[in-house]
Amino acid sequence: MLLAAALTGCLPEPPTNGFADIVVTGLPSQETAQAVQITHTSQIEQGLMAKERGGNAEVLAFAAREVEEHTKAAEQLATLMRQIGPAPGWSPLLQEIQDESDGDEIRLDKSARKEFDRAYLDAAMLGHSRMLGLIDNILASPEDDASYRLYLQRVRITIYRHFITAESLRDSGLVR
């Protein structure tokens with residue numbers, strides 16, 4: 001049901017922060033794939049941090065799911081990246097995404113233990129809204145690799161579900 005609704009655009013969109021205005025038209029698939037991979041890595045690292053420092057059982061379960069699902073998606077993307085060719089090297093786009101991701105992790109790491117669960121959920125919402133903006137921009141550009149487009153369409157659903165779960169947990173009143 002969620003899948004069908006997400007594919008038909010019936011679900012409300014989370015706000016996109018930061019990466020929604022990144023222009024990807026004309027960039028090689030290898031570069032945009034590397035950008036998506038950076039965001040997966042950041043979510044995995046934040047999830048591992050949450051598994052270590054989180055206190056709420058539901059937040060811990062969400063973090064474990066995040067690590068598992070982003071790891072699987074990153075592995076699938078790595079396989080696709082080998083098929084579409086070598087990465088073009090480091091670029092200003094990749095540096096911008098890496099810097100934003102690093103900043104999120106640094107802010108999360110500085111969170112006090114009693115406030116960590118909420119800080120993690122806020123970071124997850126921000127990171128996932130950025131991923132959605134990036135993926136939507138890639139999907140809106142003329143991309144010729146059908147396997148990569150299909151991957152992005154599928155992973156977008158997972159990213160959307162993560163955003164909604166983080167928002168729901170944050171707003172539930174169970175975390176401070």
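Given the structure is predicted, the values throughout are model-derived calculations rather than measurements.
To the nearest 0.5 Å, atom OG1 of residue Thr32 and atom CG of residue Leu152 are 7.0 Å apart. Here NE2 of His162 is found 6.0 Å from CZ of Phe62. Values are rounded to the nearest 0.5 Å. Taking CH2 of Trp90 as the start and CD of Glu31 as the end, the distance is 10.0 Å to the nearest 0.5 Å. Interatomic distance, Met131 CE to Leu134 CG, rounded to the nearest 0.5 Å: 7.5 Å. If you take CD1 on Ile157 and CD1 on Ile135, they are separated by 10.5 Å, rounding to the nearest 0.5 Å. Separating the CG atom in Leu80 from the CD atom in Glu75 is a distance of 12.5 Å, to the nearest 0.5 Å.
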For this session: Run the numbers on Gln30 and Met81 for side-chain contact (heavy atoms from CB on, under 4.5 Å), then give the verdict.
Result: CA-CA 6 Å; Gln30 298 91 332; Met81 289 169 73; over 6 Å; no
Exercise. After noting the C-alpha distance and the side-chain angles of Glu66 and Lys51, does the key distance pass the salt bridge (Lys or Arg N to Asp or Glu O under 4.0 Å) rule?
Worked result: CA-CA 10 Å; Glu66 284 259 287; Lys51 285 174 60 176; over 6 Å; no
For this session: Could you check Tyr160 against His128 for side-chain contact (heavy atoms from CB on, under 4.5 Å), going step by step and ending with a plain yes or no?
Result: CA-CA 7 Å; Tyr160 181 81; His128 288 89; over 6 Å; no
For this session: Would you sort out whether Arg65 and Thr165 count as a side-chain contact (heavy atoms from CB on, under 4.5 Å), showing the intermediate values?
Result: CA-CA 11 Å; Arg65 211 169 35 254; Thr165 302; 3.6 Å; yes
For this session: Take Arg161 and Glu69 through the test side-chain contact (heavy atoms from CB on, under 4.5 Å) and record every step on the way to the result.
Result: CA-CA 11 Å; Arg161 186 171 33 82; Glu69 292 177 358; 3.3 Å; yes
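Pairs passing the side chain to side chain donor-acceptor pair (under 3.5 Å) check and including a residue from residues 79-88, sequence neighbours excluded, read Thr79-Arg82. Screening residues 112-123 for salt bridge (Lys or Arg N to Asp or Glu O under 4.0 Å) gives Asp122-Arg170 as the qualifying pairs, with residues at least two apart or on separate chains.
When side chains are defined from C-beta on, Tyr148 counts as touching Leu77, because their heavy atoms get closer than 4.5 Å. Under the 4.5 Å side-chain criterion, counting only non-hydrogen atoms from C-beta, Val155 is not in contact with Gln76.
Across Ala78 and Gln37, no two heavy atoms sit closer than the pair N-NE2, 3.6 Å. Between Ala50 and Ala63, the shortest heavy-atom distance links the atoms CB-CB, 3.6 Å. Taking both residues in full, the closest heavy atoms of Ile38 and Ser101 are given as CG2-OG, 4.0 Å, listed atom of the first, atom of the second, then distance. The two residues Ala35 and Ile97 come nearest to each other via the heavy atoms CB-CD1, 3.5 Å. Taking both residues in full, the closest heavy atoms of Leu132 and Arg156 are given as CD2-CG, 3.6 Å, listed atom of the first, atom of the second, then distance. Across all their heavy atoms, Ile84 and Ala33 have their closest contact at CD1-CB, 4.3 Å.
In terms of the ring-ring contact (aromatic ring centres under 6.0 Å, His included) criterion, residue partners of His40 (sequence neighbours excluded) are, by chain and number, His70. Residues passing the side chain to side chain donor-acceptor pair (under 3.5 Å) test with Asp99 are Gln95, sequence neighbours excluded. A search for salt bridge (Lys or Arg N to Asp or Glu O under 4.0 Å) contacts involving Arg107 returns Asp104, not counting sequence neighbours.
Judged by distance alone, with hydrogens and angles left aside, the side-chain atoms of Ser42 form no donor-acceptor pair with the main-chain N or O of Thr39 at under 3.5 Å. With hydrogens and angles ignored, the 3.5 Å screen pairs a side-chain donor or acceptor of Arg149 with a backbone N or O of Leu139.
Clustering of Ile, Leu, Val, Met, Phe, Trp and Tyr side chains at separations under 4.5 Å places Val67 together with Ile44, Leu48.
Judged by distance alone, the side chains of Ser111 and Tyr120 never bring a donor and an acceptor atom under 3.5 Å apart.
Note: the hydrophobic cluster containing Ile138 also contains Leu94 (ILVMFWY, side chain heavy atoms under 4.5 Å, direct or indirect links).
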